[in-house]
Amino acid sequence: MNSVRARGERIAAWLERSDVDVVAIQETKCKAEQFPEQVFTDLGYEVAHHGLSQWNGVAVASRVGLADVQVGFPEQPGFGDPVAPEARAIGATCGGVRVWSLYIPNGRAIDDPHYTYKLRWLDRLRAAGAEWLARDPAAQIALCGDFNVAPQDADVWDMDVFEGSTHVTAPERDAFQAVVDAGFADVVRPYTPGPGVYTYWDYKGLAFPKRKGMRIDFVLASPALARRAAGASVDREERKGKGASDHAPVFVEFASG
DNA sequence: ATGGCAAACCAAGTTTGA
């Protein structure tokens, strides 16, 4: 969302308008003590946030319960010298669903150390997810967030522009698909077929009105949860107006079960 | 109808994002 502090009023208005039970947020861009918890609690949501610096930051807010908060997943890679963890994953159980808010590393450039970090990160996410399902094949798990991968050519407005860039390379797409193959289905795409369905538009160059976007935000659901999926959409309206994030919210509706 | 980068650090300019 590109800063939770800069968009408190927009978040509150969106929560009231959208009437969601659970929301997974990425890029809060603040430390724990800076998080505006009251924005959520005032509207009846419990919230769990993980932030270490002005970068990254992830949160889960819920009005259907929020329990067993977990910061990071097992063997989640870190970055830097010395290697340090980053605030890119938080999990909580909300209404019987294990909800993960995930902010996959950007990758920056194909020859940048952040690119291999990104691939390593996705691989460890796959391993963690596979382990959760091995332990409980009936687990209801949602992997939500900014994956920073456009899995299909139709997920960017023009593949020629992305020649030599991150987000569309075969290793990134393979790493994303490996998470899917581990048992986590994209429950949004079936209800929002492309081309031209995006979740992110750059601030620069009139990207939004020109419809130059990318589909990089996903909700991947375990088999037991995916069976309950009843609808999905991208809230393109929220990208409009003053003070919008460069990402749009992604909705999924699940049948009670 | 929309919006021409934005937000973090912190006080100028760099880093990050994708």
Side-chain angles (χ1 to χ4, degrees), chain A residues 1-11 14 25-36 39 49-59 78-81 84-89 101-119 121-122 145-173 175-176 194-218 234-250:
Chain A
M1 69 158 40
N2 192 20
S3 174
V4 71
R5 285 179 290 169
R7 299 186 212 293
E9 287 187 19
R10 278 194 76 117
I11 293 165
W14 180 82
I25 296 168
Q26 300 81 40
E27 270 203 289
T28 61
K29 296 181 88 168
C30 67
K31 300 176 187 177
E33 63 270 24
Q34 300 171 311
F35 187 80
V39 169
H49 169 247
H50 175 44
L52 297 171
S53 69
Q54 72 267 40
W55 307 120
N56 315 308
V58 283
F79 189 83
D81 185 17
E86 296 184 318
R88 295 183 178 276
S101 179
L102 305 168
Y103 183 39
I104 283 72
N106 172 292
R108 299 191 184 181
I110 293 171
D111 60 357
D112 192 295
H114 285 87
Y115 179 74
T116 49
Y117 171 46
K118 177 182 193 173
L119 296 178
W121 209 97
L122 280 165
D146 178 358
F147 283 74
N148 271 320
V149 177
Q152 300 181 7
D153 288 356
D155 295 335
V156 298
W157 77 93
D158 182 358
M159 273 299 289
D160 291 341
V161 174
F162 286 83
E163 178 72 34
S165 299
T166 59
H167 294 66
V168 298
T169 67
E172 289 167 283
R173 288 176 169 179
F176 178 87
V197 175
Y198 307 127
T199 65
Y200 163 88
W201 299 261
D202 200 302
Y203 286 122
K204 291 178 283 189
L206 292 168
F208 181 62
K210 289 179 178 174
R211 300 182 179 274
K212 294 182 175 179
M214 306 170 73
R215 189 203 289 259
I216 53 176
D217 300 276
F218 298 92
V234 178
D235 187 4
R236 194 175 181 282
E237 291 301 306
E238 188 59 25
R239 181 61 180 80
K240 298 178 180 177
K242 184 175 170 58
S245 165
D246 41 3
H247 292 257
V250 177

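Below, chains carry the letters A, B, ... as their sequence lines are ordered, and counting in each starts from 1. What you see below is based on every heavy atom in this structure, not just the backbone, and it leaves out hydrogens, waters and symmetry mates.
- Residue contacts for G205(A): at a heavy-atom cut-off of 4.0 Å it reaches the sugar-phosphate backbone alone, with no base atom in range.
- H114(A) comes within 4.0 angstrom of no nucleic acid atom, judged by non-hydrogen atoms across all strands.
- Y103(A) has a side-chain polar atom (N or O) that falls below the 4.0 Å cut-off from OP1 or OP2 of dA18(B).
- Across the protein-nucleic acid pair, D217(A) atom CG and dA18(B) atom P stand 9 Å apart, rounded to whole Å.
- Ring centroid separation for the pair H167(A) and F162(A) does not come in under the 6.0 Å cut-off.
- Rounding to whole angstrom units, CG of residue L206(A) and P of dT2(B) are separated by 14 Å.
- Rounded to whole Å, the C1' atom of dG3(B) lies 25 Å from the corresponding atom of dT15(B).
- For dA7(B) and dA12(B), the C1' atoms lie 16 Å apart once the distance is rounded to whole Å.
- The side chain of T166(A) contributes no N or O atom lying less than 4.0 Å from OP1 or OP2 of dA18(B).
- Counting any heavy atom pair closer than 4.0 Å across all strands shown, G107(A) reaches no nucleic acid atom.
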**Prompt:** What do the steps show when you test Y200(A) against D146(A) for side chain to side chain donor-acceptor pair (under 3.5 Å), and what is the final call?
**Reply:** CA-CA 9 Å; Y200(A) 163 88; D146(A) 178 358; over 6 Å; no
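- Using a 4.0 Å heavy-atom cutoff across all strands shown, F162(A) reaches no nucleic acid atom at all.
- Residue R236(A) is out of contact with every strand shown, counting any heavy-atom pair closer than 4.0 Å.
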**Request:** Test R173(A) against D153(A) for salt bridge (Lys or Arg N to Asp or Glu O under 4.0 Å), laying out the working first.
**Result:** CA-CA 10 Å; R173(A) 288 176 169 179; D153(A) 288 356; 2.8 Å; yes
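- OP1 or OP2 of dA18(B) lies within a sub-4.0 Å distance of a side-chain N or O belonging to N148(A).
- Using modelled atom types and a 3.5 Å distance limit, the side chains of K29(A) and N2(A) yield a donor-acceptor pair.
- Across all strands shown, R7(A) has heavy atoms under 4.0 Å from sugar-phosphate atoms exclusively, and none from any base.
- Within 4.0 Å of Q26(A), counting heavy atoms only, lies no atom of the nucleic acid at all.
- Rounded to whole Å, the P atom of dA1(B) lies 44 Å from the corresponding atom of dA11(B).
- Put simply, the side chain of N106(A) and the base of dA18(B) share a donor and an acceptor less than 3.5 Å apart.
- For dT15(B), the OP1/OP2 oxygens have no side-chain nitrogen or oxygen of R108(A) closer than 4.0 Å.
- Residue K204(A) is classed as a base contact, given a heavy-atom separation below 4.0 Å to a base.
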